[in-house]
2 protein chains.
Amino acid sequence: MQLSMRTDYALRALFTLVEHRGGPPIPILELARRNDVPKRFLEHIMLDLKEKGWVASTAGKRGGYQLAKNPEKITMGEVVRHFDGYLAPIACVSVTDYKRCTQETTCRFRRVLLTARNLVANLMDRTTLADVMKSPVVSPDELRKIQGIDGEGI
Amino acid sequence: MQLSMRTDYALRALFTLVEHRGGPPIPILELARRNDVPKRFLEHIMLDLKEKGWVASTAGKRGGYQLAKNPEKITMGEVVRHFDGYLAPIACVSVTDYKRCTQETTCRFRRVLLTARNLVANLMDRTTLADVMKSPVVSPDELRKIQGIDGEGI
DNA sequence: CACAATGCGACCCATCAGGTAGTATTACTG
DNA sequence: CAGTAATACTACCTGATGGGTCGCATTGTG
Ligand code: SF4
Ligand code: SF4
């Protein structure tokens with residue numbers, strides 16, 4: 001799973017909307033500024049999010065975007081999958097977008113890739129936007145020593 | 001971590017070499033055939049593996065490739081990283097090829113991505129080629145129900 | 001109506017993964 | 001030592017795609 005810019009941008013926008021849930025619509029320009037995303041590009045992404053039913057838009061003056069769905073009902077996995085196709089490190093072990101390979105019957109390392117996909121898929125599918133919102137941001141010196149972390153829970 | 005074809009091909013070749021460790025050199029043509037990899041392309045990859053010191057080549061008649069390093073001393077993580085740069089789903093949480101992002105101080109979902117990276121990194125860095133070799137191949141109906149698997153151990 | 005917003009198709013454009021080709025070199029074998 | 005079977009190496013091709021811009025239409029508010 002390599003996150004594309006699209007997905008990253010989408011998530012940035014989504015979380016600002018989660019944060020301002022209940023408030024007035026937020027225009028793209030605002031979303032773009034706050035999250036450091038090219039406005040014009042974000043347009044397309046928002047459109048995409050809208051089609052998916054995750055956000056709602058109101059046009060015209062005082063328009064903008066709002067979250068359209070309960071953030072406890074949107075998982076990280078769904079979002080990433082929608083933009084990037086699948087969570088697996090390779091298509092031959094993807095559940096949602098499986099692609100066959102000629103070597104499957106003999107391939108040795110496929111198992112470890114499957115394990116990897118299961119680890120991230122379980123994590124991502126269990127984690128909702130609401131969950132993420134509750135967790136604290138990563139601190140700088142937490143990053144400095146990530147080597148040691150065992151990565152349990154979020 | 002999205003595996004590139006290169007990496008996949010490299011691993012295919014590596015494991016055939018692991019399998020025939022101690023035996024005579026295996027020519028590229030053979031490696032290519034057995035693993036269904038374009039021969040010409042594999043050349044580059046093998047050269048790369050050689051520079052890394054993982055395989056050794058002998059030219060001329062009866063030449064070919066052999067594993068040059070103990071498979072217990074090569075981890076999956078090393079191989080993937082060598083070809084694809086890093087294991088993390090995004091550069092801002094990569095240990096080996098960290099890239100800064102302007103949103104780090106406020107980003108909410110970075111934490112879950114960090115967790116994901118730790119899960120796969122731990123797995124991949126703990127798993128050596130020898131380990132992989134010992135594990136059985138994934139069976140077809142195992143694949144069919146991967147949904148339920150919890151992905152512990154390899 | 002003017003203005004402020006989204007909607008949307010068209011297009012651009014660099015990068016890169018994946019792959020091909022040609023030729024040089026090496027070394028075993030008879 | 002000639003022939004041949006292999007790797008070594010450099011250069012190049014080429015299509016797809018990710019990331020991004022533009023112009024114009026549409027919608028809604030004051
Ligand atoms: S070689 Fe193994 S891992 Fe790679 S695609 Fe085929 S089955 Fe999957
Ligand atoms: S937005 Fe968050 S996740 Fe995306 S790059 Fe910046 S810090 Fe990392």
Side-chain angles (χ1 to χ4, degrees), chain A residues 1-13 17 24-33 35-68 80 82-86 89-91 97 99 101, chain B residues 1-13 17 23-33 35-68 80 82-86 89-91 99 101:
Chain A
M1 178 199 53
Q2 193 84 290
L3 239 62
S4 61
M5 278 298 126
R6 267 187 159 73
T7 314
D8 194 28
Y9 289 164
L11 287 170
R12 294 185 198 190
L17 294 187
I26 305 181
I28 283 195
L29 192 67
E30 186 65 16
L31 288 172
R33 253 204 306 254
N35 296 298
D36 193 22
V37 177
K39 182 200 157 191
R40 240 35 217 281
F41 190 29
L42 188 56
E43 265 178 33
H44 292 286
I45 297 171
M46 295 314 290
L47 212 49
D48 207 339
L49 289 174
K50 185 188 164 186
E51 272 160 27
K52 248 292 176 178
W54 287 326
V55 307
S57 68
T58 51
K61 224 169 193 169
R62 317 213 116 229
Y65 289 88
Q66 282 164 309
L67 202 65
V80 176
H82 178 248
F83 287 99
D84 290 346
Y86 52 84
I90 197 164
D97 195 16
K99 295 255 164 54
C101 165
Chain B
M1 179 203 50
Q2 192 84 292
L3 238 63
S4 60
M5 277 299 127
R6 266 185 158 73
T7 315
D8 194 29
Y9 290 164
L11 287 170
R12 295 186 199 190
L17 294 186
I26 305 181
I28 282 195
L29 192 66
E30 186 66 18
L31 288 172
R33 252 205 306 256
N35 296 298
D36 193 22
V37 177
K39 183 200 157 189
R40 238 36 216 278
F41 190 28
L42 188 56
E43 262 178 36
H44 294 287
I45 298 170
M46 295 315 290
L47 213 49
D48 206 340
L49 290 174
K50 186 188 166 186
E51 272 160 27
K52 248 293 176 177
W54 288 326
V55 307
S57 68
T58 50
K61 223 169 196 170
R62 317 213 115 227
Y65 289 89
Q66 281 164 309
L67 201 66
V80 176
H82 178 247
F83 288 99
D84 290 347
Y86 52 83
I90 197 164
K99 296 257 162 54
C101 164

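In the text below, chain A, chain B and the rest are named by the order of the sequence lines, each starting its count at 1.
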*Counting any heavy atom closer than 4.0 Å, what does I28(B) reach on the DNA or RNA strands: base, sugar-phosphate only, or nothing?*
sugar-phosphate
*Which part of the nucleic acid, if any, lies within reach of R62(B) when heavy atoms closer than 4.0 Å are counted: base, sugar-phosphate only, or nothing?*
sugar-phosphate
Rounded interatomic separation in angstrom, taking [atom1] from [X] and [atom2] from [N]:
X: M46(A); N: dA5(C); atom1: CE; atom2: P; answer: 15 Å
X: E51(B); N: dT7(D); atom1: CD; atom2: P; answer: 16 Å
X: K39(B); N: dG18(C); atom1: NZ; atom2: C1'; answer: 17 Å
X: I26(B); N: dA5(D); atom1: CD1; atom2: C1'; answer: 16 Å
X: I45(A); N: dG7(C); atom1: CD1; atom2: P; answer: 14 Å
X: E30(B); N: dT7(D); atom1: CD; atom2: C1'; answer: 16 Å
X: L42(A); N: dT6(C); atom1: CG; atom2: P; answer: 9 Å
X: K61(B); N: dT25(C); atom1: NZ; atom2: C1'; answer: 16 Å

Hey, does the side chain of [X] come within less than 4.0 Å of [N]'s phosphate (OP1/OP2), counting only N and O?
X: K50(A); N: dG7(C); value: yes
X: T58(B); N: dT7(D); value: no
X: Y9(A); N: dG20(D); value: yes

*asked:* I'd like to know if H44(A) reaches the base of dG19(D) with its side chain, counting only an N/O donor and acceptor under 3.5 Å.
replied: no
*Spell out yes or no: do the side chain of R40(B) and the base of dG22(C) have one donor N/O and one acceptor N/O closer than 3.5 Å?*
yes
Is the shortest heavy-atom distance from the side chain of [X] to the side chain of [Y] under 4.5 Å?
X: M46(B); Y: L31(B); result: yes
X: M5(B); Y: P38(B); result: no
X: Y9(B); Y: N35(B); result: no
X: F83(A); Y: D8(A); result: no

_Among dG19(C), dT7(D), dG20(D), the nucleotide that comes nearest once only the side chain of F41(B) is considered_ = dG19(C)
*Closest listed nucleotide, where the reference is the side chain of P27(A) and the choices are dA17(C), dT7(D), dT6(C)*: dT6(C)
_Given DNA chain D, 5'-ward residue of the pair S4(A) and A59(A), judged by closest heavy atom_ = S4(A)
*Would you mind telling me which residue lines up with the more 5' stretch of DNA chain D, M5(A) or E43(A), judged by nearest nucleotide?*
M5(A)
*Begin from the C-alpha positions of K52(A) and D48(A) and carry the test salt bridge (charged side-chain N to carboxylate O under 4.0 Å, His left out) through to its verdict.*
CA-CA 6 Å; K52(A) 248 292 176 178; D48(A) 207 339; over 6 Å; no
